There are 2 protein chains.
Amino acid sequence: MRVSRKEAAANRERVVAVASALFRKHGFDGIGVSDIMKKAGLTHGGFYGHFGSKDDLAAEACTCALRGSWDSWINASEKGGFEAAVMNYLTPEHRDDRAHGCLFAALGSDIVRQPRTVRHAMTEGFRTTIDKLVRMLPGRSAQARREHALATMAGLVGALILSRAVDDSELSDQILEASAKTFGRPQV
Amino acid sequence: MRVSRKEAAANRERVVAVASALFRKHGFDGIGVSDIMKKAGLTHGGFYGHFGSKDDLAAEACTCALRGSWDSWINASEKGGFEAAVMNYLTPEHRDDRAHGCLFAALGSDIVRQPRTVRHAMTEGFRTTIDKLVRMLPGRSAQARREHALATMAGLVGALILSRAVDDSELSDQILEASAKTFGRPQV
DNA sequence: TGTACATCAGTGAACGCGCGTTCACTGATGTAC
DNA sequence: TGTACATCAGTGAACGCGCGTTCACTGATGTAC
């Protein structure tokens with residue numbers, strides 16, 4: 001059942017992409033190697049031909065999920081798109097689609113308990129995101145813009161996490177709306 | 001090896017308290033029934049005399065962790081203590097002591113994947129916290145105060161989660177400081 | 001109050017299951033001539 | 001280009017381990033007289 005090298009490389013990429021979605025949906029401990037492989041159209045036996053361990057895949061899946069992340073919310077508008085990005089982030093659609101949403105919101109409180117490689121991938125992705133946000137913010141000092149970006153990022157991630165955690169859809173909507181109002185307005 | 005009823009009740013309470021700390025530190029899936037019982041000074045066999053399942057304990061542990069929660073950060077000062085509460089919440093000490101810190105920051109992104117009972121306990125605790133925060137906020141309309149409380153709560157939880165996630169202590173401190181600056185000032 | 005018995009909180013061995021991981025095998029791919 | 005062989009991506013059974021859970025048992029507590 002050998003497969004061409006090109007196909008094998010594609011299989012590997014598919015596994016990483018599938019894993020990045022399933023980890024976000026079910027958590028690192030909530031999904032197994034076997035199910036990930038199955039969803040990628042393979043059997044679990046071939047897993048260790050591609051990855052050293054489940055943790056190794058987790059680190060790659062995080063990098064994959066972070067690559068080009070935030071582009072989905074940012075790209076809506078070009079300049080002065082800060083408000084738009086916030087609004088795109090804090091939507092019921094994003095809240096209800098964990099598998100393809102923000103990695104920090106999906107796995108945030110678990111990151112600290114993950115192996116070094118996973119935490120590092122997350123940290124680098126975080127830095128990149130902050131840089132993107134800083135570039136979207138209006139003038140002022142670089143220091144103030146960075147502080148604003150860091151606090152806004154915290155607000156967005158926290159709002160999405162809480163809106164998902166709560167078992168009352170009305171309260172969930174209120175969290176999103178209140179946060180959109182508060183963080184969507186560049187406060188001078 | 002029977003034990004008096006009073007002692008048995010105390011044992012039960014101790015298990016819940018220990019579990020609330022260990023779940024916050026290691027995550028729901030990161031700690032087992034056996035280790036929880038051991039840390040409470042018991043053996044795992046007696047667990048099902050007190051609880052129906054590990055999930056049942058998790059729900060009770062959440063309620064326990066939420067009871068009187070936020071009092072630790074709020075009680076510092078009485079009136080106008082909003083800023084003080086934010087400052088007390090966003091400290092390196094809180095960040096570095098997950099076991100006894102905010103439940104939402106410790107387990108936030110996992111809540112949505114937990115059974116109904118756990119989510120419900122969390123939601124009720126969230127409501128209580130928001131009410132407390134609303135009461136600390138200055139005048140304005142009830143609506144505006146509630147929105148401010150919701151967004152602030154999101155900011156605090158998100159900031160603590162991100163400051164823990166990141167593997168660079170300098171960046172971690174920056175997240176706390178920027179968030180303290182931003183959320184610690186009642187913005188009009 | 002003291003005695004005899006029933007209760008039941010806690011113990012530790014055991015069970016079953018699912019998970020991460022390993023391995024002998026297969027058969028199509030890649031390569032050497 | 002065609003043939004013969006080596007390679008190796010993927011398969012599926014199997015392993016070992018830890019986990020949640022169960023259970024027969026113990027012996028101190030609670031209770032009835």
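Naming: A, B, ... by sequence-line order, numbering from 1 per chain. Here the structure is a predicted model, which means the values were calculated and not measured.
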- prompt: Does a salt bridge link R164(B) with D96(B), judged by any charged N lying under 4.0 Å from a carboxylate O?
  reply: no
message: Tell me which residues in residues 52-64 of chain A lie within less than 4.0 Å of DNA chain D, going by non-hydrogen atoms.
response: none
message: Side-chain N or O of Y48(A) versus OP1/OP2 of dT22(C): is the shortest distance under 4.0 Å?
response: no
- prompt: Taking NZ from K38(A) and P from dT11(D), how many angstroms apart are they, rounded to a whole number?
  reply: 12 Å
message: Does a side-chain N or O of R5(B) approach OP1 or OP2 of dT31(D) to a distance below 4.0 Å, or not?
response: yes
query: Between H148(B) and F82(B), how do the two ring planes meet: parallel, tilted or perpendicular, split at 30° and 60°?
result: tilted
message: What contact category does G45(B) fall into here, base, sugar-phosphate, or nothing, at under 4.0 angstrom with non-hydrogen atoms?
response: base
message: Just to be sure I follow the notation: if a pair is Watson-Crick (purine N1 to pyrimidine N3 plus N6-O4 or O6-N4) or a G-U wobble (N1-O2 and O6-N3), each under 3.5 Å, what dot-bracket string does DNA chain D give, with | for pairs to another strand?
response: .||||||||||||||||||||||||||||||||
- prompt: For the residue pair F28(A) and F23(A), does the interplanar ring angle fall in the parallel (under 30°), tilted (30 to 60°) or perpendicular (over 60°) class?
  reply: tilted
statement: The residue, H44(B) or E7(B), whose nearest nucleotide of DNA chain D is more 5′ is H44(B)
query: Given dG10(C), dT21(D), dT21(C), which nucleotide is nearest the side-chain atoms of H50(B)?
result: dG10(C)
query: Nearest to the side chain of V3(B), which nucleotide is it out of dT7(C), dG12(C), dG10(C)?
result: dG10(C)
statement: Nearest-nucleotide check on DNA chain C, R2(B) vs T43(B); residue mapping nearer the 5' end is R2(B)
message: Are there over 12 heavy-atom neighbours, none belonging to K25(A), within less than 6.0 Å of that residue's NZ?
response: no
query: Taking the side chain from R24(A) and the backbone from R98(A), do they hold a donor-acceptor pair closer than 3.5 Å?
result: no
